[in-house]
Amino acid sequence: MNAADTGFILISAALVMLMTPGLALFYGGMVRRKNVLGTLMQSFIVLAVVTLEWVLWGYSMAFGPDHGGVIGGLDWFGLTGVGMEPSPDYASTIPHQAFMIFQCMFAVITPALITGAFAERVKFSAFLLFTLAWATLVYNPLCHWVWGVGGWMGGMGALDFAGGTVVHISSGISALAAALFIGRRVGWGSTAFIPHNLPMTVTGAAILWFGWFGFNAGSALACNGLAAGAFVVTHAASAAAAVSWMVVEWFHRGKPTTLGVATGAVAGLVAITPASGFVGTVPALVIGLCAGGICYGGVLLKTALGYDDSLDVVGVHGLGGTWGALATGLFASTAVNPDGADGLFFGNPGQLWIQFVSVAATMAFAFVMTLLILKAVDLLVGVRVPREDEEKGMDLVLHNETGYTL
Amino acid sequence: MNAADTGFILISAALVMLMTPGLALFYGGMVRRKNVLGTLMQSFIVLAVVTLEWVLWGYSMAFGPDHGGVIGGLDWFGLTGVGMEPSPDYASTIPHQAFMIFQCMFAVITPALITGAFAERVKFSAFLLFTLAWATLVYNPLCHWVWGVGGWMGGMGALDFAGGTVVHISSGISALAAALFIGRRVGWGSTAFIPHNLPMTVTGAAILWFGWFGFNAGSALACNGLAAGAFVVTHAASAAAAVSWMVVEWFHRGKPTTLGVATGAVAGLVAITPASGFVGTVPALVIGLCAGGICYGGVLLKTALGYDDSLDVVGVHGLGGTWGALATGLFASTAVNPDGADGLFFGNPGQLWIQFVSVAATMAFAFVMTLLILKAVDLLVGVRVPREDEEKGMDLVLHNETGYTL
Amino acid sequence: MNAADTGFILISAALVMLMTPGLALFYGGMVRRKNVLGTLMQSFIVLAVVTLEWVLWGYSMAFGPDHGGVIGGLDWFGLTGVGMEPSPDYASTIPHQAFMIFQCMFAVITPALITGAFAERVKFSAFLLFTLAWATLVYNPLCHWVWGVGGWMGGMGALDFAGGTVVHISSGISALAAALFIGRRVGWGSTAFIPHNLPMTVTGAAILWFGWFGFNAGSALACNGLAAGAFVVTHAASAAAAVSWMVVEWFHRGKPTTLGVATGAVAGLVAITPASGFVGTVPALVIGLCAGGICYGGVLLKTALGYDDSLDVVGVHGLGGTWGALATGLFASTAVNPDGADGLFFGNPGQLWIQFVSVAATMAFAFVMTLLILKAVDLLVGVRVPREDEEKGMDLVLHNETGYTL
Amino acid sequence: MKKIEAVIKPFKLDDVKDGLSGLGVQGLTVSEVKGFGRQRGHREIYRGAEYQVDFVSKIKIEVVVASDLVPDAVEVIKEKAWTGQIGDGKIFIFPVEEVIRIRTGEIGEEAI
Amino acid sequence: MKKIEAVIKPFKLDDVKDGLSGLGVQGLTVSEVKGFGRQRGHREIYRGAEYQVDFVSKIKIEVVVASDLVPDAVEVIKEKAWTGQIGDGKIFIFPVEEVIRIRTGEIGEEAI
Amino acid sequence: MKKIEAVIKPFKLDDVKDGLSGLGVQGLTVSEVKGFGRQRGHREIYRGAEYQVDFVSKIKIEVVVASDLVPDAVEVIKEKAWTGQIGDGKIFIFPVEEVIRIRTGEIGEEAI
Ligand SMILES: Nc1ncnc2c1ncn2[C@@H]1O[C@H](COP(=O)(O)OP(=O)(O)O)[C@@H](O)[C@H]1O
Ligand SMILES: Nc1ncnc2c1ncn2[C@@H]1O[C@H](COP(=O)(O)OP(=O)(O)O)[C@@H](O)[C@H]1O
Ligand SMILES: Nc1ncnc2c1ncn2[C@@H]1O[C@H](COP(=O)(O)OP(=O)(O)O)[C@@H](O)[C@H]1O
């Protein structure tokens with residue numbers, strides 16, 4: 001066991017934990033004033049609920065003894081056998097519990113990401129049921145496929161350093177399913193849904209950026225050159241995407257916006273996530289620059305296609321994650337990480353195909369499962385608040401509170 | 001000396017430092033708009049003033065050479081002899097200064113916690129005097145009793161991993177004394193004291209949660225399995241308490257609130273603090289689940305009993321800390337930490353008695369001392385602002401500022 | 001290579017990264033509501049733009065192979081040769097990339113600091129050009145002089161542990177040049193420029209304080225006693241300056257303000273920065289106490305002298321940095337850091353002279369270069385927004401957004 | 001000339017504004033207010049305690065129109081702001097003695 | 001019918017509202033305003049500089065009542081809003097030509 | 001007595017207030033409003049989409065003055081609030097029936 005690695009992963013876990021409240025602020029600033037608490041609450045309660053799910057059965061389903069490449073067994077229910085010694089299977093230099101809690105933070109933020117798609121119109125009870133079911137039935141299997149010992153995607157050679165498929169594509173595509181299933185907000189098309197507090201959103205983006213160092217560098221699971229490299233490309237890609245979003249928007253709309261730059265930074269972080277342990281700095285810049293443009297376009301899509309993905313989870317996480325996963329198949333290099341693989345540009349076109357398969361499988365699985373879960377929840381308790389409640393706002397209707405008073 | 005441990009403790013100290021501004025936001029959002037700066041100021045200035053107190057005489061009183069089990073001597077005044085080498089007495093793998101500064105952050109946040117009890121009505125000069133006196137005469141001895149070499153409570157075998165008695169019971173019970181001494185805010189009973197900015201409060205709670213990883217895991221004073229375990233139970237208990245508070249409130253009032261979930265999370269963090277290095281995950285869940293319910297009830301108490309503990313320090317820190325300290329006597333296990341002890345459920349009922357004695361002694365000492373200090377300060381400068389100043393608000397009256405302008 | 005040091009520097013880099021958004025909040029709260037996004041944007045976009053500049057050519061100019069003591073060559077353009085192994089020249093126990101990215105965060109925050117001087121009145125395009133030019137032509141050379149192998153200031157024996165000259169004097173004096181060149185805001189003298197959101201400013205100050213631990217302790221480039229010492233003096237000086245600012249303001253104006261305490265804390269952090277690895281705790285307290293008073297006075301200067309340094313960069317960073325650099329020449333001690341030097345009070349008056357020369361050279365260089373760059377940018381695109389745009393506010397005029405909606 | 005003040009539900013603002021525009025009204029002024037009326041506010045919960053909040057968020061529209069436009073304007077507001085639920089709000093009509101446009105100095109109906 | 005506008009100290013709002021309720025007033029509208037008057041604001045300090053802020057936070061209450069209720073309403077407001085300190089505020093009375101309740105279409109005193 | 005309501009550009013507030021003070025006006029009340037008029041708001045951009053925002057931030061000044069002061073007060077407001085650009089705002093004049101100072105109980109012009 002290595003003390004330095006242990007400390008690094010624990011601190012990284014703390015940074016990743018902070019991302020979920022950061023996301024709460026990022027999203028909370030973008031909704032209307034009457035929904036700010038409802039939106040903050042969705043992320044905050046996920047932090048609590050999914051943590052319980054994870055220590056009880058989630059970790060075991062994701063990383064426990066493999067069953068057919070598809071799912072882990074419940075042998076580690078309630079963390080039985082997950083102790084202070086390293087696990088033989090994962091992260092051999094740190095306590096098993098440290099690995100478990102680091103992974104916990106990923107399991108938490110993923111369903112929180114989806115909340116942006118259906119902000120401002122979903123019942124709290126339905127939301128809780130959905131989240132628990134989604135974490136159990138979508139996240140846990142996906143996580144097992146990619147990172148669990150024996151998981152079929154990892155076995156196939158798919159590269160996903162810190163969660164491009166597991167975290168971003170899964171949440172982005174589920175967001176699309178949810179936006180389609182739940183329908184548009186009242187006023188869509190006629191009212192402008194203008195962010196009520198952009199400084200809050202910028203603060204959230206900054207916290208996300210900060211926490212993402214734990215997300216990506218921590219995914220090296222040791223404090224070595226690979227962690228340093230992942231840290232550097234994370235920072236570089238985020239910067240590049242912020243700038244490219246700004247430039248594209250400046251050309252397209254005549255002015256660069258603060259929300260655009262903040263969103264661009266997040267798009268860059270999303271895109272570099274799967275690649276962060278496999279690519280060098282220059283490819284990272286390319287990935288980031290493209291991510292800014294791609295996600296800018298992705299966000300425009302929703303108006304064109306007419307679904308109401310309130311806070312642009314599809315455009316940013318869905319598209320950004322997909323681009324990142326494919327870009328990993330282009331730019332990965334064993335010179336950067338000998339345990340990885342070479343991508344297309346380093347002579348191995350097969351990797352791109354593997355990446356493509358992993359993206360497609362993730363999308364199909366997450367999309368279908370999300371629809372099924374939503375259907376079930378809708379039958380059980382009803383997913384959406386009544387129209388007049390939507391007009392009053394989530395804060396009063398769901399939580400009997402108001403965000404700000406005078 | 002161990003570099004990994006040193007780095008881990010320094011970063012942990014930084015995390016714990018951030019808790020005090022986090023607390024400022026947690027509290028600041030809950031007061032009325034006219035008092036937001038006065039409330040932020042109280043926490044922020046404690047960070048400055050108690051730091052000076054600590055490096056000058058506080059650390060020496062708390063951890064310096066023991067006098068009769070009751071107090072440390074002033075031999076280390078101004079950090080004389082507290083150098084870059086490890087101390088022979090404390091944390092043998094890190095520089096003595098690293099241990100000192102980590103402890104400094106605990107000394108800072110404790111009096112800051114109390115401020116919630118008398119928010120919105122206390123003179124700034126009186127507050128400064130009170131804080132200096134309380135830090136010197138209450139915190140330093142208590143800290144010595146529990147953690148100082150030779151301190152009587154530690155000697156008796158009381159278990160307090162990261163500050164259940166020293167930090168939370170002491171501040172919670174002092175808060176009760178202060179609320180009783182200072183009296184209710186103008187308008188109590190007739191006006192609703194509605195939080196002016198709940199997003200600020202939620203942000204503060206998130207920062208507290210984040211910093212608490214440094215608080216509890218850092219208290220292992222090394223990055224090893226124990227630190228990982230403390231990290232895990234901290235996270236789990238906080239999540240459990242957030243959920244249980246939500247559930248209790250949902251049943252009791254018909255709707256779960258954002259402030260409730262945020263407060264529940266803090267209650268869980270408080271309760272797990274003394275136990276965090278001695279219990280496993282399942283007991284941590286139990287401790288957390290109970291903490292949510294107990295502190296929810298504790299908060300209702302103030303209306304029943306009629307004291308005005310403005311921001312619920314008694315209910316959350318007093319009761320939560322007490323529950324945590326006693327729960328340590330129930331759930332502690334030498335299987336988790338061989339340097340600890342077994343609790344009642346692991347065959348050692350004596351430990352519960354020891355915990356009880358330490359709780360009772362802390363309460364009695366802190367309560368009486370707080371009353372005495374407040375009496376003295378009141379005679380010197382008067383504790384409370386005049387009624388018309390209370391109506392105008394602390395921001396203008398004490399600091400000639402306003403929180404927000406249009 | 002040392003894993004503990006690597007982890008420590010990566011986490012420190014993350015902390016320093018967070019300082020720039022912290023600064024955004026610190027500044028953003030102080031401007032008028034109509035300029036909040038414009039102000040946040042300036043810091044946020046610097047994080048993106050200067051990161052790109054740094055990985056492309058900045059790092060190479062600052063730390064690359066020396067040319068005549070004045071500048072580094074472009075041999076490391078695009079991080080060529082900056083890999084996962086330690087550099088032979090810098091920080092021998094951590095990956096070269098870790099050193100590079102840690103330094104990147106310093107390069108980012110320095111131009112962001114300047115933005116406070118010309119807040120509320122500068123074109124966004126002009127700002128971008130200015131920042132790129134300043135980072136390239138002022139920061140990179142200065143950084144090379146002081147910290148680059150072969151740099152003339154470092155060669156001369158100037159002590160600057162974490163950036164007194166490189167970061168604070170350079171930005172402070174450039175702020176003065178910019179305030180003079182750009183001129184006063186419309187309404188100067190007749191309107192009160194009252195901060196629109198002081199809780200935001202206090203939050204920013206807290207984040208700065210937190211991140212500064214990474215800034216100063218991280219500058220030890222290893223987690224050892226020196227890092228612990230730097231951490232301690234950083235905290236102590238900040239606390240001391242917060243208190244001394246409060247006391248001075250209390251005497252001078254009758255009431256202590258929240259903004260004063262927050263600013264005092266920042267002033268203390270600035271002043272201790274160059275000294276943090278060379279002085280003990282008691283000198284740090286003296287440095288901090290003086291910094292509070294000196295910067296308080298510095299801030300009053302602008303009204304006396306009639307330049308409009310909107311958010312007091314000159315008074316806080318210019319004066320605070322100068323005091324810190326000179327104080328290093330007074331209080332430095334080889335007993336604290338054998339790789340440093342003794343200052344005047346430890347029998348070596350020559351050090352004070354060296355410090356003085358480095359301060360003077362930094363000031364002259366930064367002042368002249370800033371004027372030249374601003375002149376060039378003004379000819380190219382015009383630096384200042386038209387008067388009516390200034391009245392409408394930056395948010396609408398530059399970014400077509402509003403900070404808050406109802 | 002008359003001044004019409006209407007206190008309405010916030011989400012009806014756009015409808016009412018568009019309705020009035022349709023009548024040729026070229027200017028109006030809007031502010032946020034808190035209303036106390038038959039619609040009795042709501043109960044907020046904080047830390048397990050419930051508080052009655054008597055005031056409901058409303059929007060106040062002020063529009064000065066030529067006297068002969070009043071009936072139509074009232075009709076439009078009634079129609080657009082109506083939900084049939086308690087709390088739909090009220091319309092008040094006041095006499096106006098003079099109107100001046102600052103930019104041009106025009107007065108009376110020209111200035112409206 | 002008359003409209004009474006009262007500009008009062010913010011912390012007196014609850015008392016005044018309760019007083020008017022006691023008279024049988026069933027609706028009123030409240031807004032936040034800044035007042036400039038004999039009570040001369042305060043000095044704020046920022047970064048060591050002092051600024052005179054002329055405006056004081058006030059609450060404006062608007063209530064339309066039947067003409068015969070005016071004297072009582074004024075009396076109640078005077079009593080409840082009074083502290084005897086400068087800045088207690090003012091009451092203004094305006095003529096009202098018509099009142100319409102949007103929900104029911106009632107007009108005149110019925111609609112108040 | 002008359003009530004003058006002026007809707008002006010926010011940054012003109014200090015000038016107008018000083019102008020009225022110069023006439024001997026001792027009190028006035030200010031509020032933030034949103035104006036809809038010839039000045040047509042602006043377009044805001046969010047996430048690459050553009051939205052038309054129809055409402056412009058304005059300041060509403062309410063001041064009750066003795067009838068004979070009205071012409072001067074209007075003149076001062078016109079002068080001080082004028083920029084010549086669209087959106088300078090409007091002045092409305094209303095009859096007032098009574099004014100009461102809460103602190104002293106004074107009524108009529110004494111109370112203004
Ligand atoms: N007499 C009044 N004077 C001023 N404002 C009133 C008066 N009566 C009602 N209002 C305003 O109209 C709003 C709606 O009135 P309310 O009694 O709740 O419902 P309804 O319009 O269905 O009768 C109130 O919230 C208040 O702002
Ligand atoms: N002539 C006026 N027109 C409009 N509002 C006024 C007028 N005079 C006073 N006010 C309002 O009444 C408030 C209280 O007036 P002030 O002169 O401060 O104290 P007092 O009520 O004790 O005379 C002011 O802040 C202002 O909002
Ligand atoms: N008829 C009206 N009733 C009430 N307010 C009005 C009316 N007309 C204009 N206003 C107010 O005056 C402001 C300025 O009017 P606008 O038409 O934009 O420009 P101008 O004053 O140059 O004619 C508007 O924003 C609105 O607040």
Side-chain angles (χ1 to χ4, degrees), chain A residues 2-5 7-9 11-12 15 32-33 93 194-200 202-203 205-207 209-211 213-214 217 222-229 231-232 235-236 238-243 246 250 253-262 264-265 268 280-282 284-285 336, chain C residues 1-11 13-15 17-18 20-22 24-25 28-29 36-38 40-41 44-45 47-52 55-56 78-79 82-85 94-101 104-105 124 197 200 203 207 395 397-406:
Chain A
N2 181 306
D5 293 348
F8 183 64
I9 294 310
I11 301 292
S12 293
L15 295 193
R32 285 162 293 170
R33 183 168 286 250
T93 62
I194 292 183
H196 89 285
N197 191 334
L198 280 178
M200 183 186 280
V202 172
T203 306
I207 293 178
W209 193 331
F210 172 66
F213 291 126
C223 37
N224 50 20
L226 187 61
F231 191 110
V232 168
H235 192 59
S238 180
V243 168
M246 176 182 82
W250 209 332
R253 286 290 176 198
K255 288 185 188 169
T257 64
T258 317
L259 179 60
V261 170
T281 311
V282 175
L285 292 174
V336 171
Chain C
M1 203 160 78
N2 181 307
D5 293 348
T6 303
F8 183 64
I9 295 310
L10 291 180
I11 302 290
L15 295 193
M17 174 267 160
L18 195 63
T20 297
L25 296 176
V36 60
L37 294 179
L40 294 177
M41 180 69 144
F44 205 89
I45 199 68
L47 183 58
V49 167
V50 174
T51 295
L52 298 187
V55 299
L56 290 177
L79 302 187
V82 178
M84 293 181 184
E85 293 308 303
I94 64 175
H96 196 175
Q97 290 215 338
F99 177 75
M100 182 282 299
I101 202 73
C104 175
M105 304 311 178
F124 188 62
N197 191 335
M200 183 186 278
T203 306
I207 293 177
D395 298 2
V397 162
L398 302 179
H399 308 300
N400 261 10
E401 295 174 298
T402 42
Y404 316 87
T405 63
L406 284 170

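Please read all numbers here as calculations on a predicted model, not as lab measurements.
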Original post:
For C:Leu25, is it the side chain, the backbone, both or neither that has a heavy atom under 4.5 Å from a heavy atom of chain A?
Top reply: side chain
**OP:** Please state whether the side chain, the backbone, both or neither of A:Met246 comes within less than 4.5 Å of a heavy atom of chain C.
**Re:** side chain
Original post:
Taking C:His399 for the side chain and A:Pro256 for the main chain, is one N or O donor matched with an acceptor at less than 3.5 Å?
Top reply: yes
Subject >> Minimum heavy-atom distance between C:Glu401 and A:Leu198, given as atom pair plus value >> reply: OE2-CD1, 3.5 Å
Original post:
Can you tell me how far the CZ atom of A:Phe210 sits from the CG atom of C:Leu18, to the nearest 0.5 Å?
Top reply: 5.0 Å
Original post:
Side chain, backbone, both or neither: which part of A:Val282 has a heavy atom under 4.5 Å from chain C?
Top reply: side chain
Original post:
Any idea how C:Phe44 and A:Trp209 line up, ring-wise: parallel (<30°), tilted (30 to 60°), or perpendicular (>60°)?
Top reply: perpendicular
**OP:** Check the pair C:Gln97, A:Thr281 against side-chain contact (heavy atoms from CB on, under 4.5 Å), reporting the backbone distance first and the verdict last.
**Re:** CA-CA 10 Å; C:Gln97 290 215 338; A:Thr281 311; 3.8 Å; yes
Original post:
For C:Leu15, is it the side chain, the backbone, both, or neither that has a heavy atom closer than 4.5 Å to a heavy atom of chain A?
Top reply: both
Subject >> Structural part of C:Leu79 lying under 4.5 Å from a heavy atom of chain A >> reply: side chain
Subject >> Minimal non-hydrogen separation, A:Asp5 against C:Ala3, with atom names >> reply: OD1-CB, 4.3 Å
**OP:** Name the region of A:Ser238, side chain, backbone, both or neither, that has any atom closer than 4.5 Å to a heavy atom of chain C.
**Re:** neither
Original post:
In terms of heavy-atom pairs under 4.5 Å, which option from A:Ala262, A:Ala240, A:Ala265, A:Pro199 contacts chain C the most?
Top reply: A:Pro199
**OP:** Measure C:Ala24 against the heavy atoms of chain A and call it side chain, backbone, both or neither at under 4.5 Å.
**Re:** neither
Subject >> Nearest non-hydrogen partners of C:Leu47 and A:His235, listed with the distance >> reply: CD1-CE1, 3.9 Å
Original post:
A:Leu259 versus chain C, heavy atoms under 4.5 Å apart: side chain, backbone, both or neither?
Top reply: both
Original post:
What part of C:Val49 gets closer than 4.5 Å to chain A, counting heavy atoms only: side chain, backbone, both or neither?
Top reply: both
